[in-house]
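Working notes, structure below.
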Amino acid sequence: MGKIRIYQLAKELDLKSTELVDMLKELGIEAKSHMSTLEDETANLVKEMLAGGEGKAPEKEEEQEEKAQSIEVAPPVNVKSIGEALGTNPNKIIKQLIEQGVMINLTQNLTGDALAEVEQILGIKVEVKTEEKKKTEAKPKKEEKQKKKKDLVTRPPVVTIMGHVDHGKTQLLDVIREANVVASEAGGITQHIGAYQVEANGKKISFLDTPGHEAFTAMRARGAHVTDIAVLVIAADDGIMPQTVEAINHAKDAGIPIIVAINKIDKENANPERVKQQLTEYNLVPEEWGGETVCVEISALQKINIDELLEMILLVAEVEDIKADPKEKASGVIIEAQLDKGRGPVATVLIKDGTLRIGDAIMAGSAHGRVRAMINDKGERLKKAGPSTPVEVLGLSDVPVAGDMLESVKTEKEGKKIAEERREEKREKELTSDRPANLEQFFARMQDEEVKELKIIIKGDVQGSVEALKDSLNQIKSEDVNLNIIHTGAGAINENDVILASASKAIIIGFNVRPDSRAKRVADQEGVDIRTYRIIYQVIDDVKKALEGLLEPEIREKVLGRAEVRDTFRVPKAGTVAGLYVTDGKITRNSKVRVLRDGVVVHEGSIGSLKRFQDDVREVDSNYECGLNIEGFQDVKVGDIIEAFVLEEVKRKLSD
């Protein structure tokens with residue numbers, strides 16, 4: 001007797017997989033997920049039981065279309081602005097969308113398919129207001145919002161491979177790519193363009209060849225939602241590691257399906273079952289254990305089950321129903337870009353919708369131009385590139401930024417005009433940008449219904465203190481606001497943490513750790529709020545007050561500068577003197593200092609003496625050397641970082 005997967009049966013019945021799962025449960029038929037299987041006999045029985053209602057659905061849709069209310073909304077279009085236009089509480093709309101299985105937050109920009117889905121659920125038509133000066137902007141036409149299903153075709157899924165270092169990500173990418181190169185025409189020149197396309201079972205899959213979750217999240221931080229599926233590589237002999245957890249949190253926050261590739265099963269000490277057990281701790285329950293997470297046991301080295309992995313990617317893509325309209329004007333995302341001496345600005349573009357052709361006028365960010373040439377990952381020159389195709393594009397006036405959207409326009413003149421307008425808009429946005437929340441502003445934004453969730457990233461000196469802090473914060477209850485800890489880890493606050501916070505609009509809490517200089521710089525640029533503490537109850541107190549809107553003025557520290565310990569000396573009476581090179585800012589005689597070792601605070605205290613050669617000095621600027629003695633601390637070591645800071649009284653305001 002044959003079997004059929006629930007998602008396949010749902011397709012036959014023209015239902016959503018989730019709807020069918022719920023119906024089956026009501027009928028007393030066991031259905032754990034859309035990947036579960038039913039016997040053919042049971043499936044036929046379900047078809048017969050549901051047959052009576054088949055003719056009514058289209059009629060209901062027609063009735064809804066007739067009653068559809070048309071509203072006009074000024075950009076940005078989101079649930080909040082739609083609620084205001086309808087005179088309805090936006091939270092009620094959010095609830096309605098969640099009931100239909102659509103997870104959209106209050107301030108998420110709605111365009112294209114996402115807007116169409118919201119319109120369909122709410123039974124409305126949304127018209128976007130336009131300003132006089134922006135008439136030239138390439139905006140979706142009315143017909144775009146009323147796309148007929150026949151215009152949409154299935155496009156290849158875009159896959160990013162993520163995981164812990166040394167777990168075999170690069171090797172897996174190489175194996176998949178090599179298999180495709182062998183199958184390609186003889187003499188084809190293979191080149192690295194940051195993305196490539198392979199064929200499996202007669203269907204194409206596009207892979208992003210990025211350095212893991214860092215690039216994935218950096219692009220998300222710029223608003224580019226490129227990836228459809230994340231493949232999480234975990235070594236069977238090693239299990240889940242810190243970077244694996246980061247990758248899980250990044251993929252979950254992006255809201256994309258995760259396929260787990262359990263690699264290195266050929267090793268003697270491989271234990272795939274242990275990996276599956278560990279996955280359940282992060283709410284990733286393997287399919288064979290009754291969950292929805294697809295797990296494939298592979299060996300990239302021995303090339304075991306690689307075809308099965310590709311098959312599972314295609315299966316998940318089919319369930320996700322990934323579609324695009326190849327007849328549209330082309331739009332895509334810049335994966336990477338550089339200035340080539342011989343060819344000028346070269347951009348690697350992943351086409352998301354429409355078809356890009358040679359000679360098309362294009363723009364990307366503040367760059368514009370005309371497509372002079374397109375080259376794929378095999379080194380072949382293309383005349384056109386459809387949805388999910390990665391290509392190198394030549395012909396832009398300038399080097400765009402990774403994450404910028406590339407769009408085709410009617411004329412090069414129009415592209416230039418829009419690019420200039422975008423430059424102006426960018427300058428305006430920098431002055432009034434929608435930064436991630438900080439604790440002072442959080443309650444005020446919550447009152448305006450801009451946020452209903454406080455996202456937090458926790459970094460600590462050891463895993464034990466991180467877990468203790470996480471448990472303590474999870475005990476804070478609020479009726480109005482959900483506290484969501486999206487990532488935790490031990491070690492210094494790094495650039496990846498800041499990028500994730502920026503993409504997720506989260507606050508970073510550091511316990512006995514500090515941000516490194518690069519993380520601090522990126523946090524300042526992105527407006528990410530980093531809070532550092534040494535006492536757990538102070539963290540809990542601040543978060544509670546933020547949720548209650550009672551955060552009072554307090555003493556805030558201001559970092560003056562950083563210096564690296566290049567040498568140490570023993571001086572009679574004074575003790576240990578550190579020979580420093582000031583790398584950033586300045587060190588002043590009256591400032592406080594903390595000693596950082598591998599990003600962890602080992603001491604905090606006052607300066608005993610500050611000297612340049614034999615002279616006492618008040619301050620030492622960056623790029624100069626000096627000698628420094630810390631009161632009551634003799635354990636300074638070469639390689640330590642000395643951070644100088646002062647405490648200032650800052651009045652906090654609840655207004656933005």
Are any of the side-chain heavy atoms of [X] and [Y] separated by less than 4.5 Å?
X: R562; Y: V582; answer: no
X: I508; Y: D529; answer: no
X: D398; Y: P345; answer: no
X: V333; Y: V349; answer: no
X: I509; Y: I457; answer: no
X: M363; Y: K416; answer: no
X: Y282; Y: I240; answer: yes
X: T576; Y: I630; answer: no

Point to revise | side chain to side chain contact (heavy atoms under 4.5 Å, CB included) assessment of L473 paired with V543 | key: CA-CA 8 Å; L473 290 177; V543 172; 3.9 Å; yes
For [Y], is there any backbone N or O sitting under 3.5 Å from a side-chain donor or acceptor partner on [X]?
X: S472; Y: A468; answer: yes
X: K505; Y: L454; answer: no
X: S622; Y: T583; answer: no
X: K169; Y: G163; answer: yes
X: D340; Y: V346; answer: no
X: H250; Y: E246; answer: yes
X: R597; Y: I641; answer: no
X: S502; Y: I499; answer: no
X: S206; Y: V158; answer: no

If you measure from [atom1] on [X] to [atom2] on [Y], what distance do you get to the nearest 0.5 Å?
X: K455; Y: I485; atom1: NZ; atom2: CD1; value: 13.5 Å
X: I486; Y: L500; atom1: CD1; atom2: CG; value: 4.0 Å
X: D516; Y: R521; atom1: CG; atom2: CZ; value: 9.0 Å
X: L284; Y: L279; atom1: CG; atom2: CG; value: 5.5 Å
X: E631; Y: S609; atom1: CD; atom2: OG; value: 9.0 Å
X: N629; Y: S606; atom1: CG; atom2: OG; value: 11.0 Å

Practice item. Start with the C-alpha gap between L232 and T244, add the side-chain angles, then the distance that decides, and say whether side chain to side chain contact (heavy atoms under 4.5 Å, CB included) holds. Key: CA-CA 8 Å; L232 183 67; T244 319; 4.1 Å; yes
Restricting to non-hydrogen atoms, name the atom on [X] and the atom on [Y] that form the minimum distance, rounded to 0.1 Å.
X: L173; Y: Y196; result: O-OH, 2.8 Å
X: A337; Y: V399; result: CB-CG1, 3.7 Å
X: A506; Y: V528; result: O-CG1, 4.2 Å
X: I587; Y: A644; result: CD1-CB, 3.7 Å
X: A519; Y: N494; result: CB-C, 3.6 Å
X: D377; Y: A195; result: CB-O, 3.7 Å

Point to revise | Steps toward side-chain hydrogen bond (donor to acceptor under 3.5 Å, both in side chains) verdict (Y581, N623) | key: CA-CA 7 Å; Y581 179 77; N623 300 322; 3.2 Å; yes
Exercise for review: Run through R514, R534, K592 and flag the one making a salt bridge (charged side-chain N to carboxylate O under 4.0 Å, His left out) with E557.
Suggested key: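 Running salt bridge (charged side-chain N to carboxylate O under 4.0 Å, His left out) over R514, R534, K592 with E557 returns exactly one hit, R514.
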Exercise for review: Evaluate the criterion side chain to side chain contact (heavy atoms under 4.5 Å, CB included) for residue pair V159 and L208; output intermediate values, then yes/no.
Suggested key: CA-CA 6 Å; V159 179; L208 284 187; over 6 Å; no
**Study point:** Full working for side-chain hydrogen bond (donor to acceptor under 3.5 Å, both in side chains) between H167 and D238
**Key:** CA-CA 8 Å; H167 277 202; D238 216 0; 3.1 Å; yes
Point to revise | CA sep, side-chain torsions, deciding dist, call: C626, V617, side chain to side chain contact (heavy atoms under 4.5 Å, CB included) | key: CA-CA 9 Å; C626 63; V617 290; 5.8 Å; no
**Study point:** Quiz item: cation-pi between R594 and F645, 6.0 Å / 45°
**Key:**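 R594 over F645 ring: yes.
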Between [Y] and [X], is the closest basic N to carboxylate O distance under 4.0 Å?
X: D615; Y: K611; result: no
X: K544; Y: D542; result: no
X: R612; Y: E625; result: no

Review point. Checking side-chain hydrogen bond (donor to acceptor under 3.5 Å, both in side chains) for the pair R618/T588: CA distance, chi angles, key distance, verdict?
Key: CA-CA 6 Å; R618 288 185 179 180; T588 63; over 6 Å; no
Point to revise | For E564, salt bridge (charged side-chain N to carboxylate O under 4.0 Å, His left out) partners two or more places apart | key: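 E564 satisfies salt bridge (charged side-chain N to carboxylate O under 4.0 Å, His left out) with R566 once adjacent residues are dropped.
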**Study point:** Criterion side chain to side chain contact (heavy atoms under 4.5 Å, CB included) against P400, the qualifying member of V393, L406, I334
**Key:**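 The option that passes is I334.
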Exercise for review: State whether the number of non-hydrogen atoms from other residues, nucleotides or ligands found under 6.0 Å of K520 atom NZ is greater than 12.
Suggested key: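 Atom NZ in K520 is not crowded, with 12 or fewer foreign heavy atoms closer than 6.0 Å.
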